[in-house]
Number of protein chains: 2
Amino acid sequence: MSTVQDSDMQNQSTATPLDAANIPLTERLFDALQRAIVEGEIPQGSKISEPELARQHGVSRGSLREAMARLEMRKLVERKPNLGARVVTLSYEQLIEIFQLREALEGMAARLAAQNMSEIEIEELQKLLDQHGEQIAEQHGQAYFQKQGDLDFHYRIVQGSKNKQLIELLCNDLYHLLRMYRYQFGMRSKRSQQAYEEHQYLINAISARDPEMAELLMRQHIRSSRRNVEAVFLEKL
Amino acid sequence: MSTVQDSDMQNQSTATPLDAANIPLTERLFDALQRAIVEGEIPQGSKISEPELARQHGVSRGSLREAMARLEMRKLVERKPNLGARVVTLSYEQLIEIFQLREALEGMAARLAAQNMSEIEIEELQKLLDQHGEQIAEQHGQAYFQKQGDLDFHYRIVQGSKNKQLIELLCNDLYHLLRMYRYQFGMRSKRSQQAYEEHQYLINAISARDPEMAELLMRQHIRSSRRNVEAVFLEKL
DNA sequence: TTTTCTTAAAGTGTCGACACTTTAGTAAAA
DNA sequence: TTTTACTAAAGTGTCGACACTTTAAGAAAA
């Protein structure tokens with residue numbers, strides 16, 4: 001589960017790719033905490049004690065505080081003056097709101113991708129989807145990998161838009177919050193077959209350089225995905 | 001010029017509304033720096049020296065650093081390890097990208113506003129627009145106030161969407177960067193009359209509870225606005 | 001005079017400390 | 001026994017200091 005990277009992706013990798021040194025402590029801390037929160041290691045709604053968390057990670061409070069300020073901006077933690085910080089509490093309502101956001105943003109991304117993706121990128125995208133198709137055929141229904149696959153697919157289209165603002169927003173800001181929902185709510189799909197087909201239509205539209213159609217299909221695709229979540233949610237009650 | 005507030009707008013105002021104390025220093029600093037950058041007081045692209053800036057504002061480097069981390073997340077400054085921070089450099093390309101974002105986001109906002117705005121809110125919006133109409137009639141062409149008026153109008157529709165994610169994103173995150181462009185690029189409109197009419201159509205659609213039409217009109221409106229910017233820009237060359 | 005090396009100044013990364021605020025535990029009052 | 005008052009522990013807000021990195025100035029070599 002690694003095609004999509006956790007950290008920022010516009011880093012100009014220096015000579016040594018994996019040198020942890022030189023990268024500021026605050027930044028590594030930020031990434032670590034983000035991951036811990038997203039994956040539920042630090043449970044949602046839990047209070048965060050700065051001294052304790054700093055000690056656990058072996059850093060000073062100052063460094064931790066800087067990381068916290070950034071986590072707050074990404075809406076992964078909430079801070080109140082003199083009262084401290086808490087991990088956000090996820091809600092069904094917020095999830096629906098995020099789907100509405102995605103519908104607008106990824107719709108635009110698909111439109112732009114139809115205009116700006118290179119032929120090679122489109123081919124690669126088709127290959128990726130073909131792989132997904134095989135995986136679905138093999139292990140029918142219980143499509144765990146498909147979940148990540150879906151993410152990869154959407155990720156590439158956003159990249160294909162070539163709009164840096166859009167990329168930044170979806171792949172850095174919103175992405176982690178969305179991933180947090182996936183982790184914590186389970187969110188099994190049970191419509192991988194249908195999603196696969198919708199993805200194929202999307203590629204066709206992009207390949208035909210039809211921005212209008214690409215946007216339409218993407219929006220419909222995300223709406224379907226939202227309805228699925230709504231259905232799963234109602235089931236639970 | 002104040003209907004739209006600079007700072008966060010979801011603050012639960014305590015007993016004393018104007019007490020500067022109790023609000024953390026870092027936060028006030030963040031707001032101050034944000035304003036200074038947006039209004040060009042600290043010029044775009046300029047390097048920021050932490051010791052100097054801290055001294056100017058009479059705070060320690062630690063507090064300033066926390067504010068900087070947040071400014072970085074809002075993409076108002078860029079930081080490179082060991083090299084320091086610079087104010088972002090605005091570009092025509094980025095501005096166009098932001099317009100594309102706005103088209104998607106505010107389009108969705110208009111759609112949701114048509115569903116979720118209360119009748120009273122719609123009436124208020126109509127009143128606001130009527131005021132704009134009068135202002136335009138008075139001082140023809142040279143519509144400076146209209147600029148802020150346009151902002152107010154869009155602001156209210158976003159609020160009317162009732163989608164917190166959308167509101168946060170547009171009114172907190174993107175808003176300041178956009179305002180920075182307005183300040184630094186001048187960006188006179190010279191289409192206030194047309195904008196006024198487009199706004200009226202939008203209200204009509206919202207009033208008729210026609211989400212589809214509201215989104216369509218908003219997107220067209222923002223596209224027109226973008227084309228105007230493109231034209232003004234080509235003029236300059 | 002131009003280039004390169006050396007070294008000091010400035011700047012960033014990180015830490016520990018202290019003051020003030022909130023929380024929690026305990027004792028006094030009802 | 002329940003409520004209120006007081007006090008200590010824990011936590012947050014803010015600061016100044018030190019180590020390491022980069023930048024810039026000046027000296028030595030070409």
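Throughout, a chain's letter reflects where its sequence line sits, starting with A, and its residues are numbered from 1.
In this structure, A:Glu50 atom CD and C:dT22 atom P are separated by 15 Å, rounded to whole Å. Distance NE2 (A:His57) to P (C:dT14): 15 Å, rounded to an integer number of Å. When the C1' atom of D:dT12 is taken as reference, atom CD of A:Glu66 falls 17 Å away, rounded to whole Å. What separates NZ of B:Lys80 from C1' of C:dG11 is a distance of 17 Å, to the nearest Å. At whole-Å resolution of the value, CZ in B:Arg86 and P in C:dT12 are 11 Å apart. One interatomic measurement links the two molecules: CG of B:Leu53 to P of C:dA10, which rounds to 18 Å at whole-angstrom precision. Distance, A:Ile48 CD1 to C:dT23 P: 17 Å, rounded to whole Å.
For A:Arg86 and A:Glu78, the salt-bridge test fails: no basic side-chain N is under 4.0 Å from an acidic carboxylate O.
Taking both residues in full, the closest heavy atoms of A:Ile206 and A:Ala214 are given as CG1-CB, 4.2 Å, listed atom of the first, atom of the second, then distance. Scanning both residues, B:Val158 and B:Leu166, for their nearest heavy atoms gives CG1-O, 4.2 Å.
Contact annotation for A:Leu64: no contact, since no heavy-atom pair falls under 4.0 Å across all strands. In this structure, A:Leu29 reaches neither bases nor backbone, as no heavy-atom distance under 4.0 Å exists between it and the strands shown.
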Could you write nucleotides 19-24 of chain D as a row of B, S and -, 5' to 3', where a protein heavy atom under 4.0 Å of any base atom gives B, of only sugar-phosphate atoms gives S, and otherwise -?
--SSS-

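Distance from the side chain of B:Ser49 is smallest to C:dT12 among D:dG11, C:dT12, C:dT14. Here the nucleotide nearest the side chain of A:Arg61, chosen from C:dT12, C:dA17, D:dC15, is C:dA17. Of the candidates C:dT12, D:dT14, C:dT14, D:dT14 carries the atom nearest the B:Leu25 side chain, counting heavy atoms from C-beta on.
We find the CG-CG distance between B:Leu33 and B:Leu71 to be 5.5 Å, quoted to the nearest 0.5 Å. Distance check: A:Met68 CE to A:Ser63 OG gives 13.0 Å after rounding to the nearest 0.5 Å.
Heavy-atom neighbours of B:Leu234 CG from other residues, nucleotides or ligands within 6.0 Å: above the threshold of 12.
Remark on DNA chain C: of its neighbouring residues B:Lys47 and B:Gly62, the 5'-side contact belongs to B:Lys47, judged by nearest-heavy-atom nucleotide.
Checked options B:Phe99, B:Tyr181, B:Tyr92; the residue passing with B:Phe233 is B:Tyr92 (criterion: ring-ring contact (aromatic ring centres under 6.0 Å, His included)).
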